There are 2 protein chains.
Amino acid sequence: MDIITRTEELILLTVWRLRDNAYGITIRKHLKDAAGLDYSIGGIYVPLDRLVRKGLLTSYQGNPTPQRGGMSKRFYKLTPDGIDALERIRTLNTIMWDNLPEPSF
Amino acid sequence: MDIITRTEELILLTVWRLRDNAYGITIRKHLKDAAGLDYSIGGIYVPLDRLVRKGLLTSYQGNPTPQRGGMSKRFYKLTPDGIDALERIRTLNTIMWDNLPEPSF
DNA sequence: TATTATTTATTCTATAAATTAGAAAAAACT
DNA sequence: AGTTTTTTCTAATTTATAGAATAAATAATA
């Protein structure tokens with residue numbers, strides 16, 4: 001019963017969606033643009049590190065590009081365990097959200 | 001941009017589902033039975049307190065029932081803010097999970 | 001062409017908040 | 001008194017939050 005946190009879920013899903021362009025800055029930007037979520041810098045990199053440590057993501061150093069500047073990008077990819085973790089969340093969501101009774105205030 | 005945690009979501013949804021029978025023990029039991037999630041005692045009561053403090057739940061003392069024993073139950077109910085918080089999560093889930101590309105390992 | 005400025009990006013670290021675990025206390029019935 | 005059901009309380013661990021510091025590359029300027 002290992003259940004990932006909300007932040008971990010959102011980051012894993014973003015890595016999934018960004019495919020070969022998932023690194024700190026684009027992940028943060030996607031969460032802002034797509035979902036309106038304002039994460040601080042640490043709010044992205046701290047969980048990214050943790051997800052790699054836990055084996056749900058792998059990371060690899062990007063090559064320098066003919067763009068302005070910056071440290072070389074660290075790209076992320078889902079591992080099979082990362083996909084599994086997301087699948088468990090999806091199942092959990094289905095169980096918890098389906099067939100709710102009428103709300104009773 | 002106030003986004004509830006996974007535990008908060010699960011507890012709010014359980015209170016919703018249990019209607020007039022939502023108190024610490026039944027909430028814990030439902031999470032175990034329906035979703036296989038093993039929360040410790042504190043894992044339920046600590047966030048319940050917080051959700052009341054935040055105004056997403058209200059609580060009221062139950063009357064003694066002709067059952068064996070125990071402190072009198074504290075029942076919980078969703079507030080409108082609690083419902084709103086869940087709706088925001090639902091929207092977020094839709095945004096994040098819909099139309100994911102093929103997974104690219 | 002050096003030198004400085006600007007841009008893009010990560011690393012690092014401290015504080016706050018949430019989770020986890022379970023012992024202790026409370027209250028009722030047997 | 002003993003047993004059962006339930007909550008209260010609190011300490012330790014893990015996550016989240018925030019942003020300064022650092023790094024590395026190009027662009028601008030003297």
Side-chain angles (χ1 to χ4, degrees), chain A residues 1-12 14-15 18 21-32 35 37-54 56-76 85 89 92, chain B residues 1-12 14-15 18 21-32 35-54 56-57 59-76 85 89 92:
Chain A
M1 205 217 27
D2 248 346
I3 176 177
I4 60 176
T5 67
R6 169 106 43 224
T7 301
E8 288 170 347
E9 173 191 354
L10 294 175
I11 288 179
L12 291 181
T14 301
V15 168
L18 292 177
N21 197 35
Y23 60 98
I25 301 279
T26 52
I27 292 167
R28 182 161 178 241
K29 178 162 166 36
H30 179 260
L31 287 168
K32 171 62 176 172
L37 301 174
D38 271 307
Y39 281 94
S40 66
I41 294 171
I44 298 294
Y45 287 103
V46 168
L48 274 174
D49 271 5
R50 186 172 59 245
L51 288 166
V52 170
R53 256 189 291 114
K54 287 184 177 174
L56 308 195
L57 289 177
T58 48
S59 81
Y60 57 98
Q61 205 67 37
N63 298 317
T65 55
Q67 309 267 322
R68 189 66 188 263
M71 293 184 73
S72 74
K73 296 166 184 164
R74 173 167 294 285
F75 290 99
Y76 295 89
I89 291 297
L92 180 60
Chain B
M1 210 215 23
D2 249 345
I3 175 174
I4 60 176
T5 67
R6 170 111 37 226
T7 301
E8 287 170 346
E9 173 191 353
L10 294 174
I11 288 179
L12 291 181
T14 301
V15 169
L18 293 176
N21 197 34
Y23 62 97
I25 301 279
T26 53
I27 291 167
R28 182 160 177 244
K29 177 161 167 36
H30 179 260
L31 286 169
K32 171 64 175 170
L37 301 174
D38 271 309
Y39 280 95
S40 66
I41 296 172
I44 299 294
Y45 288 104
V46 169
L48 274 174
D49 272 7
R50 186 173 60 245
L51 288 165
V52 170
R53 256 189 290 114
K54 286 184 178 175
L56 307 196
L57 290 175
S59 80
Y60 57 99
Q61 205 68 38
N63 297 318
T65 54
Q67 311 266 323
R68 190 69 190 266
M71 294 184 73
S72 73
K73 296 168 184 163
R74 175 167 293 286
F75 290 98
Y76 295 88
I89 291 297
L92 180 59

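In what follows, chains are A, B, ... by sequence order, proteins preceding strands, each numbered from 1. Quick caveat, the model's predicted, so the values are computed rather than measured.
The interatomic distance linking B/Tyr23 (OH) with D/dT8 (C1') rounds to 17 Å, in whole Å. Atom CG of B/Asp49 is separated from atom C1' of C/dT19 by 14 Å (rounded to the nearest Å). For the pair B/Ile4 CD1 and C/dA17 P, the computed distance is 18 Å after rounding to whole Å. Regarding A/Leu18, its CG atom lies at a distance of 13 Å from the P atom of C/dA9, rounded to whole Å. The CE-C1' distance, from A/Met71 to C/dA9, rounds to 7 Å in whole Å. In this structure, B/Leu31 places its CG atom 16 Å from C1' of C/dA21, rounding to the nearest Å. One atom, NZ of A/Lys29, and another, P of C/dA9, lie 12 Å apart when rounded to the nearest Å. Computed from coordinates, the B/Phe75 CZ to D/dT5 C1' distance equals 12 Å when rounded to whole Å.
Among residues two or more places apart in sequence or in another chain, the salt bridge (Lys or Arg N to Asp or Glu O under 4.0 Å) test is passed with A/Arg28 by none. Shown here are the salt bridge (Lys or Arg N to Asp or Glu O under 4.0 Å) partners of B/Arg74, two or more places apart in sequence or in another chain: there are none.
Taking 4.0 angstrom as the limit, A/Arg74 places a side-chain polar atom (N or O) nearer than this to OP1 or OP2 of C/dT11.
Side-chain contact between B/His30 and B/Thr26 is absent, with no heavy atoms from C-beta onward closer than 4.5 Å. Under the 4.5 Å side-chain criterion, counting only non-hydrogen atoms from C-beta, B/Tyr76 is in contact with B/Val52. Looking only at side-chain heavy atoms (C-beta outward), B/Asp2 and B/Lys54 stay at 4.5 Å or farther from each other.
Taking each heavy atom of A/Thr7 and A/Pro47 in turn, the nearest pair found is CG2-CG, 3.9 Å.
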Report all interatomic pairs (protein N or O, nucleotide N or O of nucleotides 14-19 of chain D) with separations under 3.5 Å.
from	atom 1	to	atom 2	distance (Å)
D/dT15	OP1	A/Lys54	NZ	3.0
D/dA16	OP1	A/Thr5	OG1	2.8
D/dA16	OP1	A/Thr7	OG1	3.3
D/dA16	OP2	A/Arg50	NH2	2.1
D/dA18	N7	A/Ser40	OG	3.0
D/dG19	O6	A/Gly42	N	2.9

